[in-house]
Every structure is written in structure tokens, then in C-alpha cells.
Amino acid sequence: MVVRMFNQIPEHIIKQVQNAHNIVDVIGEHVQLTKRGNNYFGLCPFHDENTPSFSVSEDKQMYYCFGCKEGGNVISFLMKQAGLTFFESIQELASRANINLPNIGQAKDHLSTESRKLYEANEWLMKLYHHLLRFTKEGKEALNYLESRGITKESIDAFQIGYSPNIKNFTAQFLIKKGIHEQTLIKSGLFTKTTEDNMYDRFTGRVVFPIRDATGRTVGFSARSILDSTGGPKYINSSESEIFQKQQLLYNFDLARGEIRKKKEVILFEGQLDVITAYQNGLENVVATLGTSLSESHGKFLRRYANRAIISYDGDYAGQQASYRAAKILLKNGFDVRITHLDAKYDPDQYIKTYGIDAFIHQVLKVSESYMKFYMRFARKDFNLSNENEKVQYIKIVLQEIANIESSIEQEMYLKELSDQFSISIESLKEELRTFQRTISRQKNNESNNRYTKTTSTFSSQDKLRPAFHNAERNLISLMLKDESIASYVKDEIGADFNIDDHKVIVTALYAFYEEGNHPDVSLFIERLSDDHLRNLTAEIAMLPTFEHIGDGGLKDYIDVIKKQYYDVAILNEYIEKQRLAEQQNDPIKAAKIAMKILELQKKLKQSN
């Protein structure tokens, strides 16, 4: 459970912070939203899905996912999506709206002490490295190196690039003086302990690029040697830790996110210098992986923000292989994929420096190839096309890829290209293509059947048809959340005598909320609930469609159904108690008569529901 600090922050401050933001705008920074009816829908950022089930209500300032059952307000969204604490979410939202928060000490929250110290260590190191690079004689050589690579001081500051000095124990002692324990330094992946009991900075003598998560927190570093002739690896990264996981991180995403979302397009590079050079020249929707291949996690994460990806890796064979692997992942996640075709001697950084950003945009990005065009060119390198057998193998693997294309026009275009290249009739190619299409169709049907089986079993176990009284309670609570007069009416009629325990807790808290003089505000109310399950359930109920003007007759119908169930269950429990006493008194005839009455009542309850 996430620990809240509701009692430590005045309620009027929380309300002011929430009211300063439209939840659609905040969530829209992280999820592509499309309006359908009164609500907005998108792919859920909290679980993997291909069909949007994540709903955002502008009227209620709430979100709810019908797939994973997560729901809440703008505060809880930032907490879950960005991994922030309650206090940090309030701080972030207040900062955006230029709201001054009172001086409130931060309480313990869901981050472990170790994670907090790791964040702290990385943040202090980032500041130290950057200062050493920019303002000390020790960093002069590294600064000259960056400037020789065309990196401006403005970019050095924007990316907080730094330098780790070749001074024994210097950075370790700095952090220890800041209250970071030696064990934390080792766990951070930033230091190793030598046999002489010294703490050795892994990045000593290197230019250091801070790696930030999606919220802009420094979680690790990538360091490059200044001299290419050192014999060691050119780049080294922080070791994996609780907060630094390369498969989950993308360099520059925190700065690029706005442009990626705006253009619905992301440009993928291999290296930090590619990103920095492009960014400082005005191309801002650019990110890079951290010395690893693009992962499934990267693909799913980026799909929330963009539907088009341009892969611009190095022009050499290794870069093209990486492009192929990345393209397959992005295609799987529904991207329109394009791949640039750079000369083998260039990477994007070198190309931009040689020809300029305009040439890169117009002669590289804008003429990038479709995945299929790229694949046909890339795959040729593995075959000797003067050999008949290898030529046939090449044509077959290309046809296998063409079989995955849904557009018949695109298929025809690539088939014609193959036909022209190898003097084979389109009819023959189409016949072979149909063989591969049938195989793909069978595979899709099997996957669809498996999905259907899993889905129906899940629904049968989790989403069984609710009894009438259960639906009546949900609909009544939904109305109570919108109208305090309805809540007052229900309180007078049945109080907290709801049949579902969770509903009893929710209405009891809601009565107290209104008694304090609050007006209907689901977004604020759910902060009163200390349990994640109750918050998600309240969000789900709040999103239920209800009648605008139900009238007293409709309310009474709901209440009568709830009362009947409540009283019938109460009577049933009385008979169960009487049966227990009869058995204790050794009166089997009386116990049997009561048992018959219990069965009759149970049958009646089952029929009514």
C-alpha cells in the first residue's frame, strides 16, 4: 500500500493543487488520448494492452482502466506513472502551477530508504561532476574535448554533462560527507572497493553523462573515455541497481517527451552524442538506448507517446543489424517504422556536423525507408544472389515478411519489385505468398483462440454477473458521489446498511466528507481513503454511467433492493444462530425444521438476485 500524507498537507492546498490542473492535460503528456463520447481513451500505462481500455473523465477529473482496474485522480496518476511519493506528486503539480507549498516535513513513503539514498547519491554526483567539468582546472581537458566535438556550453548545462577526476577517493569522500553510507556507494554501482580498502570511482578520468528517468531524476551515468586509445571500453554505464535498469531507460526522454507527444513521432539513436548534437540543433524528439538493444519494455513505453518511429542508427553493418532488431520490436507494438540509410562511415552525430541539421532532416530523415524496403536491402547481404539456391532462399524470406503486410497495395508494390529484380512472374510470387499467408492466418487464429480462452476464464472468475443488490449499491454510490443531497437522503433512509463491506466503508467516509462542508469532488474524496483497493473501487464506481435526473422513485427502487437483501440476510443469520442453539440443546427435530427454513430463505435470496 502507498502511504499517504493527507493529514500533513492542508486539504485546501491539495484542492488548490488539483484544481490548477486538468487531468486530461497531465495524463495526455504520458498517454495518447482520443475523445470518445464524454471521456478520453488511450492505452493503459500500467499494463500491456493493444486495445485502449484506459478512460479519463474531464468532468470528474478521474481516470480508470477497465483492464487492470487501476483508478484515481491526477495525484495518484503521477504517483503510479512516475514512481513519485504523494508529497512529490503534490510538489510537482504545485511547481507547475506556481503554487507555494507551506513548509511541511516530508514523511516516510513507499520508497525504501536504500532507494532514497541511491537517488540522493546520484543527484549529488551529477552536481559534483558537472561543477568539476565547467569550473575547475581538473575538468579543463574534458571540457576542451566536448567543445572539440561541437558540444556547446548551453548543451553541457542542459544535459548536466560532467567529469570524474582522477583523484583517489575524491568523489567517494564527497558523498560520505553528504551522509551517504559506504555500503550505499557500493550498491549504487558507481564505486568498487579496492584491496587497499579504497573506494574507486568507476568513471575516473571520463566525461560523464547523467542518465535521468522519465521524471528527470538522475538514476545513473554513462561515461566516455576522452582518449580512444586507452585500451578500455569507450563507454561504461552504472551497474544495474534498484533505480537504474537499462532495459527501462532511454537517454533524453525527460527532455524529449513533449516533442515526441506533440509530433507523435520518436527518433531513435544509438549514442548520447548523437542525441545531444541533434537536440542542440533544434531536433528535439530524439532518444537513445544505453548501450543495449531496444527492449520490449522500451517499445511498449514509447507507444504511449508516439505511433511513428524513425530508427537512425550508425551506417555500419552492426548498426543495420541493431536497426533490424529494433524495427521488429517497434512493429510488434504497432508503430509505423522508418529506417534511415546512412553511409557506413557516418553516425548521426558525424553526419550533422559534416552536412548540417537541415541536410540530416531532408536528406536522411525525410527519405528514410519503410521497414520492408530496408529489410529487402539488409537481407541481401546474407545471400550470394548469383547462386540459384541462395536466390530462392532470399526471395522466400522476403515473401515471408511481405505476408505480414496488411495493405494489398503495399504487397503488390513489393511483389512487383521482386518480379522486376529476378524476372519472376507476379502470379508465381503471389502463389508462394499465399502459402505464407495461410500459415500466418493459422497462427493468428490459434493466438486469438488462446486469448479468448484466457479472457473468458478471467471474466468468469473475476467479473461474474453481479446480484441485483450489488449493482443497486454501486449505482447509488455513484449518484451519491455526484450529489450531496442524494447522499443525505440515502443516509436518512439506510445509513451505512449496505450489504458489501467495501461499500459500507466508502459511504461512511463519504458521509463524513459532506458533513465537513465539502461539495461533491470525487478527485478530492478519494484522498480520504487510505486503502489502494478502495480508491480504485471508488474510481471505478465514479465512472459508471448514471441517469442525470433519477428522481425519488428511482432512488427508492435502489434502496428497496438494498434493504430487502440486508433484511433477508439478517433474518437468515438469525435462523443460522437458532439452528446452532438447537444443536447445542440436543434438539435434532427443531434443528431440522430450522434447517428447512434456512434452505427456503437461501433459495429465495438466490432467486431474487
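Side chain to side chain, Thr204 and Asp201 fail the donor-acceptor criterion of an N or O pair below 3.5 Å. In summary, the side chains of Asp316 and Tyr346 do not present any donor paired with an acceptor at a separation below 3.5 Å, with no hydrogens or angles considered. Under the 3.5 Å distance criterion, with hydrogens and angles disregarded, a donor-acceptor pair is assigned to the side chains of Glu49 and Ser53. In the model, Ser370 has a side-chain atom that pairs as donor or acceptor with a side-chain atom of Tyr414 under 3.5 Å. Counted by atom type alone, Glu58 and Asn22 present one or more donor-acceptor pairs between their side chains at under 3.5 Å. A donor-acceptor pair shorter than 3.5 Å cannot be found between the side chains of Arg36 and Tyr40. In this model, a donor atom of one side chain and an acceptor atom of the other lie less than 3.5 Å apart for Ser523 and Gln18. Remark: the His181 side chain and the Thr184 side chain contain no N/O donor-acceptor pair separated by less than 3.5 Å.
When side chains are defined from C-beta on, Gln320 counts as touching Phe374, because their heavy atoms get closer than 4.5 Å. Side-chain contact check for Tyr63 versus Phe46: some heavy-atom pair is nearer than 4.5 Å. Residues His341 and Arg377 have side chains in contact (heavy-atom distance under 4.5 Å, counting atoms from C-beta outward). Thr289 has its side chain out of reach of Tyr251: every pair of non-hydrogen atoms, C-beta onward, lies at least 4.5 Å apart. Lys264 is not listed as a side-chain neighbour of Arg308, based on a closest heavy-atom distance of 4.5 Å or more. By the 4.5 Å heavy-atom criterion applied to side chains, Ile23 and Val56 are counted as neighbours. Considering only heavy atoms from C-beta on, Ser57 comes within 4.5 Å of Met543 through its side chain. Side-chain contact check for Phe203 versus Leu125: every heavy-atom pair is 4.5 Å or farther apart.
Note on Glu123 versus Arg212: no salt bridge recorded, every NZ/NE/NH1/NH2 to OD/OE distance being 4.0 Å or above. Here Arg217 does not pair with Asp254 in a salt bridge; the nearest charged N to carboxylate O distance is not below 4.0 Å. Using a 4.0 Å cut-off between charged nitrogen and carboxylate oxygen, Lys178 and Glu120 do not count as a salt-bridge pair. The pair Lys328-Glu401 counts as a salt bridge, with a side-chain nitrogen and a carboxylate oxygen less than 4.0 angstrom apart.
Geometrically, Arg224 does not engage Phe209 in a cation-pi contact, judged by NZ or CZ lying under 6.0 Å from the ring centre and within 45° of the ring axis. By the 6.0 Å and 45° rule, Arg261 does not stack over the aromatic ring of Tyr305.
With Glu240 contributing its side chain and Lys246 its backbone, the two residues share a donor-acceptor pair below 3.5 Å. No donor-acceptor pair under 3.5 Å is formed between the side chain of Arg202 and the backbone N or O of Phe191. A donor-acceptor distance shorter than 3.5 angstrom exists from the side chain of Asn237 to the backbone of Leu290, with no hydrogens or angles considered.
Partners of Lys332 under the side-chain hydrogen bond (donor to acceptor under 3.5 Å, both in side chains) rule, at least two apart in sequence or in another chain, are Glu296.
Taking the six-membered ring for Trp and thresholds of 30 and 60 degrees, Phe378 and Tyr324 have nearly parallel ring planes, at less than 30 degrees apart.
Under the 6.0 Å cut-off for aromatic ring centres, Phe54 and Phe66 do not qualify, their centroids lying 6.0 Å or more apart.
Here the rule is ring pair (Phe, Tyr, Trp, His ring centres under 6.0 Å) with Tyr129, and of Phe135, Phe221, Tyr163, Trp124 only Phe221 fits it.
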